Amino acid sequence: MSLLIINIKSLLQVRENTPGFLSGDEMKTLPSIENAFLKIENDTITNYGKMEDLSDTNADEIIDAKGKFVLPAWVDSHTHIVYAGNREQEFVDRINGLSYEEIFERGGGILNSAKKLQETPEEELYKQSKKRLDNVVRMGTGAIEIKSGYGLTTDAELKMLRVIKRLKADYPGMIKSTFLGAHAFPLEYRENHQGYIDLLCNEMIPAIAEENLADFVDAFLETGYFSVEETERVMQAGKKYGLKAKIHVNQFTAIDGIESCVKNDALSVDHLEIVTDADIEVLKGSKTMPVALPTCSFFITIPYTPARKIIDAGLPLAIASDYNPGTTPSGNMNLVVATACIKLRMTPEEAINAATINGAYAMDLLSTHGSITKGKKANVMITEKLNSFYEIPYNFGDMLIEQVIINGKRI
């Protein structure tokens with residue numbers, strides 16, 4: 001099956017070679033070709049260029065994109081979309097003045113989601129999650145990381161990861177799975193942290209590795225959740241089984257967690273609403289990708305990741321949705337990009353780079369996703385007719401994506 005897109009007003013994020021992640025001033029540049037074409041064979045980008053250089057117009061399907069922009073599909077490197085039910089009551093509780101921490105102490109938050117998930121049959125969990133996944137793909141997401149972490153028992157965590165494995169089969173090549181058993185301490189382990197860490201490291205991670213159910217390991221490294229030392233044990237146990245670390249850190253407090261993550265070769269550190277000068281220095285020269293989750297800050301009214309401080313210090317930055325039932329019940333990456341521009345003061349070029357190339361790095365997918373490059377997966381978006389791609393974040397409440405192509409097929 002071949003697909004040819006012609007008369008593209010501007011083909012964005014064109015990279016002849018797969019770059020590494022983009023840092024500092026590199027993020028300000030978004031390479032493009034005006035009046036362009038894009039050729040797709042099966043699930044792969046095979047050619048692109050200016051219309052005047054198009055010599056072979058043979059294709060099974062031709063799309064005329066006159067007046068429209070084409071760019072890589074979004075790469076959402078941090079989500080929790082496999083969950084049961086929702087937490088709309090907590091939304092109202094926050095409006096009435098309760099903090100995230102107060103809701104958690106009352107048995108809400110992660111523990112609320114864990115109870116619902118443990119009670120939900122696997123088939124029903126799959127149906128609910130697939131509906132969410134289908135929806136975000138229609139909005140332009142072409143690669144997505146999905147975490148467990150609402151099980152908090154061996155059986156329930158395995159159930160979540162099996163659902164993610166089924167979703168991987170629905171969308172081949174675009175999903176990575178993360179084991180997040182270290183999301184919160186179950187009630188029965190609130191006074192026995194060592195016992196739960198032992199369960200994670202000695203039972204859950206080996207069982208997950210045996211069934212090949214996860215690509216990464218994660219932990220909520222935060223005051224009142226998992227300490228630096230506890231998180232290090234989880235990272236080291238994951239590494240033993242080939243699971244790279246992607247860690248929640250610095251959402252509410254800075255407790256030297258980023259230094260620990262870098263020391264343990266974490267692929268990414270996510271949230272970073274609180275970032276110190278010491279954190280910046282630790283990240284310099286590392287291979288760890290900082291990841292901001294701006295719509296989480298928007299939804300629960302906490303500080304936004306200081307993107308300007310991070311980028312202006314010469315560091316890279318990715319952005320992701322954090323789609324989850326409690327703090328970000330949306331996987332709309334178009335809104336994430338807009339919020340990054342509006343609240344994090346990122347330029348549209350920086351935000352798009354953060355949501356494509358740098359997001360791909362944070363998922364270990366840089367060789368296949370995140371840019372218009374020959375040989376990469378044909379996961380692209382076609383916008384409506386626009387004056388400028390700046391309209392994507394400018395019109396933050398609108399859906400300006402007209403068509404989405406995943407693995408060479410129109411969704």
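Keep in mind the model is a prediction, meaning the values are calculated, not measured.
- Each of Phe220, Tyr225, Phe226 was evaluated against His248; a single residue qualifies, Phe220, per the ring pair (Phe, Tyr, Trp, His ring centres under 6.0 Å) test.
- Note that Arg345 lies outside the cation-pi zone of Tyr304, set by a 6.0 Å cut-off to the ring centre and a 45° limit from the axis.
- With respect to the salt-bridge test (charged N to carboxylate O, under 4.0 angstrom), the residues Arg190 and Glu188 do not qualify.
- A cation-pi arrangement is absent between Lys343 and Phe298, since the terminal nitrogen or guanidinium carbon is not both under 6.0 Å from the aromatic centre and inside a 45° cone about the axis.
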Let me check something: any side-chain donor-acceptor pairs from residues 281-289 under 3.5 Å, sequence neighbours excluded? List them with distances.
{"unit_1": "Glu281", "atom_1": "OE2", "unit_2": "Lys284", "atom_2": "NZ", "d": "3.1"}
{"unit_1": "Ser286", "atom_1": "OG", "unit_2": "Leu283", "atom_2": "O", "d": "2.9"}
{"unit_1": "Ser286", "atom_1": "OG", "unit_2": "Thr288", "atom_2": "N", "d": "3.2"}
{"unit_1": "Thr288", "atom_1": "OG1", "unit_2": "Ala266", "atom_2": "O", "d": "2.7"}

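- Applying the ring-ring contact (aromatic ring centres under 6.0 Å, His included) criterion to Tyr361, with sequence neighbours excluded, gives Phe21.
- Salt-bridge annotation for Lys244 and Asp215: absent, with no side-chain N of the basic residue lying under 4.0 Å from a carboxylate O of the acidic one.
- You'll find the ring centres of Tyr323 and His80 outside the 6.0 Å limit.
- Between Lys263 and Glu232 a salt bridge is recorded (basic side-chain N to carboxylate O distance below 4.0 Å).
- Salt-bridge annotation for Asp43 and Lys409: absent, with no side-chain N of the basic residue lying under 4.0 Å from a carboxylate O of the acidic one.
- No side-chain donor-acceptor contact under 3.5 Å links Glu273 and Thr305.
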Checklist entry - Step by step, would you call Val14 with Tyr48 a side chain to side chain contact (heavy atoms under 4.5 Å, CB included)? => result CA-CA 9 Å; Val14 180; Tyr48 57 80; 3.3 Å; yes
